[in-house]
Visitor: 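The following block contains the structure, expressed as structure tokens.
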Number of protein chains: 2
Amino acid sequence: MASLDRSLIAGLSVFEGIAAADLDRIIGQARSIRVARDQRVFEQEQEAHSFFLLLDGHVRVVKSTPDGHEVTVRYISPGELLGIASALGRTTYPANAIAAADCVVLAWPSQLWLTFSASFPSFSANTYKAVGSRLQDAHSRVVEMSTEQVEQRVAHALLKLIKQSGKKTEEGILIDFPISRQDVAEMTGTTLHTASRLLSAWEDQGLVKGGRQKIVVVEPHRLLVIAEGRTSKS
Amino acid sequence: MASLDRSLIAGLSVFEGIAAADLDRIIGQARSIRVARDQRVFEQEQEAHSFFLLLDGHVRVVKSTPDGHEVTVRYISPGELLGIASALGRTTYPANAIAAADCVVLAWPSQLWLTFSASFPSFSANTYKAVGSRLQDAHSRVVEMSTEQVEQRVAHALLKLIKQSGKKTEEGILIDFPISRQDVAEMTGTTLHTASRLLSAWEDQGLVKGGRQKIVVVEPHRLLVIAEGRTSKS
DNA sequence: CGGCAGGTTGACGTGACTCAACATTAGTGG
DNA sequence: CCACTAATGTTGAGTCACGTCAACCTGCCG
């Protein structure tokens with residue numbers, strides 16, 4: 001394996017304020033792994049042997065219920081940690097992590113978590129802040145699910161996606177990884193069918209442009225109007 | 001103000017493994033506050049000047065949306081921390097905390113959070129573990145909202161409540177603080193009406209016993225059957 | 001004893017799920 | 001390079017769980 005360079009992780013907020021020599025030590029203990037699209041980084045209920053950092057690609061974190069439903073908890077972008085369950089006192093992963101596109105991840109053995117957070121206060125501070133903001137996210141998700149209709153939730157989901165992984169193109173803002181209607185449905189707690197209908201309707205109105213596993217938001221502002229529920233409901 | 005005794009907090013998991021002298025120092029910096037029923041411990045958007053420990057009573061944490069909806073995020077039982085938003089890098093409280101019954105809380109100025117977690121590793125470890133499990137809770141909440149129908153969600157909510165604050169009586173397991181149908185609705189993302197109908201139906205079947213701001217679960221097992229969605233749907 | 005918060009219950013409408021058929025595109029092997 | 005197949009996506013029709021609207025009851029507190 002080609003030896004890893006600290007430049008891979010130097011700019012990231014998780015490792016902010018850590019000396020170059022320490023970064024070398026940190027990355028020296030990492031394994032680099034390629035994960036092909038639709039392959040899993042880790043699996044629900046599996047022993048949490050490692051925690052990960054996404055270097056490139058996009059990962060979908062999905063919870064599977066006993067009765068076969070899949071609920072997407074979040075999407076991970078490059079630079080974010082994942083599989084940090086071990087940090088929260090779990091010994092097993094709480095969800096599946098599936099590569100939404102081909103990915104490169106770094107993996108460290110779980111027991112290094114303690115070492116890192118003891119040795120590098122900024123590491124622990126940063127990661128706990130990250131956990132905190134995920135808690136916030138989860139709570140707003142609950143609020144959304146409780147108070148908004150499907151249309152608004154889907155609109156919100158698209159807005160979140162373009163904010164997180166949007167790429168400007170001449171057509172509009174493209175969600176920068178393959179995403180199906182089914183995926184949208186699993187993010188918003190609805191069905192493939194309803195999601196498809198909404199996207200189609202929006203496409204007719206020129207709000208978005210669809211394609212196979214592809215969504216381009218043409219008019220984010222009008223989408224926001226829908227998300228906020230102040231749509232005229234013609 | 002009567003001086004506070006370390007015995008108030010000695011047994012709690014948050015302060016587990018901390019020396020008696022340190023406990024004295026910790027509690028020496030706390031203010032004890034009584035909060036009457038329906039009064040607020042803190043308010044959404046308000047400057048997060050303090051974090052709290054609930055000594056007695058029950059607190060409902062509620063998020064208010066701009067359009068007037070109220071969503072109950074969680075109930076706090078004695079011994080739990082609340083208002084720890086400040087610990088997660090927020091300067092303002094993310095929700096309202098309302099006393100569901102008359103309460104006694106301890107309050108510490110937010111800046112002591114850093115002191116405590118730096119001085120007492122077990123304090124920081126315990127609280128972060130708590131945050132972790134709240135994150136888990138929030139995620140399962142999202143999964144529930146996405147996959148289950150109202151009936152199952154309400155059943156789950158009651159089961160959670162009796163697990164957390166159930167008190168055995170001769171009639172069954174009583175939820176040990178005043179709780180209205182409206183409260184149940186806000187926990188489960190439904191309306192007062194639907195909640196009321198469900199409770200009434202269950203009362204007819206002898207599953208629960210209701211009353212004004214009062215719920216007694218008579219047959220937890222049958223409630224679990226409903227919660228799991230393996231009901232015969234007669 | 002009046003008033004009000006909390007609770008119940010019916011009638012009705014509808015958003016979104018289900019069931020179902022079909023269209024389109026990507027990928028695969030001959 | 002084309003035929004075949006499997007994903008993926010679209011769209012219609014029918015149904016139902018739940019929300020909305022509305023009326024009314026009931027126990028509690030001053």
Side-chain angles (χ1 to χ4, degrees), chain A residues 36-38 60 67-71 98 100-101 144-155 157-158 175 177-205 208-216 226 229 231 233-234, chain B residues 36-38 60 67-71 98 100-101 144-155 157-158 175 177-205 208-216 226 229 231 233-234:
Chain A
R37 169 142 201 269
D38 289 333
R60 181 159 43 104
D67 57 306
H69 279 106
E70 312 255 283
V71 179
I98 303 167
E144 275 182 26
M145 301 280 309
S146 301
T147 61
E148 298 178 357
Q149 341 223 91
V150 173
E151 187 178 36
Q152 303 178 56
R153 300 207 303 268
V154 173
L158 293 190
I175 294 172
F177 51 84
I179 183 168
S180 68
R181 316 288 138 137
Q182 178 71 41
D183 293 332
V184 173
E186 286 176 7
M187 290 184 70
T188 52
T190 182
T191 58
L192 154 67
H193 309 280
T194 302
S196 175
R197 272 184 248 270
L198 283 170
L199 271 295
S200 296
W202 290 341
E203 182 148 18
D204 290 346
Q205 298 174 241
V208 304
K209 281 204 60 170
R212 206 186 172 72
Q213 314 230 71
K214 175 180 151 214
I215 302 175
V216 181
I226 292 173
T231 168
K233 263 299 143 59
S234 63
Chain B
R37 171 145 200 266
D38 289 333
R60 183 161 40 107
D67 57 307
H69 279 106
E70 310 257 284
V71 179
I98 303 167
E144 276 183 26
M145 301 281 309
S146 301
T147 61
E148 298 178 357
Q149 346 220 94
V150 172
E151 187 177 37
Q152 305 179 54
R153 299 206 304 268
V154 174
L158 293 190
I175 295 171
F177 52 83
I179 182 168
S180 69
R181 317 289 138 142
Q182 177 71 42
D183 293 332
V184 173
E186 286 176 7
M187 291 183 71
T188 52
T190 183
T191 58
L192 154 66
H193 310 279
T194 302
S196 175
R197 274 184 247 269
L198 284 170
L199 270 295
S200 296
W202 290 342
E203 183 148 17
D204 289 345
Q205 297 175 241
V208 304
K209 283 203 57 167
R212 206 187 169 73
Q213 314 229 74
K214 177 181 149 212
I215 302 175
V216 181
I226 293 173
T231 168
K233 262 301 145 56
S234 63

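Proteins come first, then strands; the chains are lettered A, B, ... in the order of their sequence lines, and each starts at number 1.
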Visitor: For every nucleotide of nucleotides 24-30 of chain D, 5' to 3': is a protein heavy atom under 4.0 Å from its base (B), only from its sugar-phosphate (S), or from neither (-)?
Guide: ---BS--
Visitor: Output the distance between atom CD1 (B:I215) and atom CG (B:L199), rounded to the nearest 0.5 Å.
Guide: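 Between B:I215 CD1 and B:L199 CG, I get 5.0 Å after rounding to 0.5 Å.
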Visitor: On DNA chain D, nearest-nucleotide positions of B:G189 versus A:A195: which is more 5'?
Guide: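 Its nucleotide being nearer the 5' end, the pick is A:A195.
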Visitor: For A:G189 versus A:M145, what's the shortest heavy-atom pair and its separation?
Guide: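 Scanning both residues completely, I find the closest heavy atoms to be CA-CE, 4.5 Å.
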Visitor: Identify all pairs in which a protein N or O lies below 3.5 Å from an N or O of nucleotides 13-16 of chain C, and state each distance.
Guide:
{"unit_1": "C:dA16", "atom_1": "OP1", "unit_2": "A:V150", "atom_2": "N", "d": "2.9"}

Visitor: Quick one: B:H193 NE2 to C:dA11 P, roughly how many Å, whole number?
Guide: 16 Å
Visitor: Show the nearest heavy-atom pair for residues A:T188 and A:A157, with the distance to one decimal.
Guide: CG2-CB, 3.6 Å
Visitor: Does B:E70 have any side chain to side chain contact (heavy atoms under 4.5 Å, CB included) partners at least two apart in sequence or in another chain, and if so, which?
Guide: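 B:E70 satisfies side chain to side chain contact (heavy atoms under 4.5 Å, CB included) with B:V62, B:S64, B:E186 only.
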Visitor: Are any non-hydrogen side-chain atoms of B:T190 and B:V184 less than 4.5 angstrom apart?
Guide: no
Visitor: Nearest 0.5 angstrom please: B:R60 CZ to B:D38 CG, how far?
Guide: 6.5 Å
Visitor: Could you give the distance from OG1 (A:T147) to CG (B:D67), rounded to the nearest 0.5 Å?
Guide: 6.0 Å
Visitor: Using five base pairs at each end, measure the axis-to-axis angle across the helix from C:dC1-D:dG30 to C:dG30-D:dC1 and round it to 10 degrees.
Guide: 40°
Visitor: Could you give the CD-to-P distance, from A:Q213 to D:dT10, as a whole number of Å?
Guide: 12 Å
Visitor: With distance as the sole test, does B:R181 use its side chain to make a donor-acceptor pair with the main-chain N or O of B:A195 at under 3.5 Å?
Guide: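 Checking the backbone N and O of B:A195 against the side chain of B:R181, no donor-acceptor pair under 3.5 Å is found.
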Visitor: Can you list, in residue-number order, the parts of residues 196-204 of chain B that come under 4.0 Å of DNA chain C, counting heavy atoms only?
Guide: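 Result for residues 196-204 of chain B: B:S196, B:R197, B:S200, sorted by number.
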Visitor: I need the CD-P distance between B:Q182 and D:dT20, as an integer number of Å.
Guide: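 Roughly 12 Å, once rounded to whole Å.
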Visitor: Do B:H69 and A:S146 have side chains that approach each other closer than 4.5 Å (heavy atoms only, starting at C-beta)?
Guide: no
Visitor: So, using side chain to side chain contact (heavy atoms under 4.5 Å, CB included) as the criterion, who are the partners of A:D204 when residues are at least two apart?
Guide: none
Visitor: Please give, in whole Å, the distance from C:dA20 P to A:L192 CG?
Guide: 16 Å
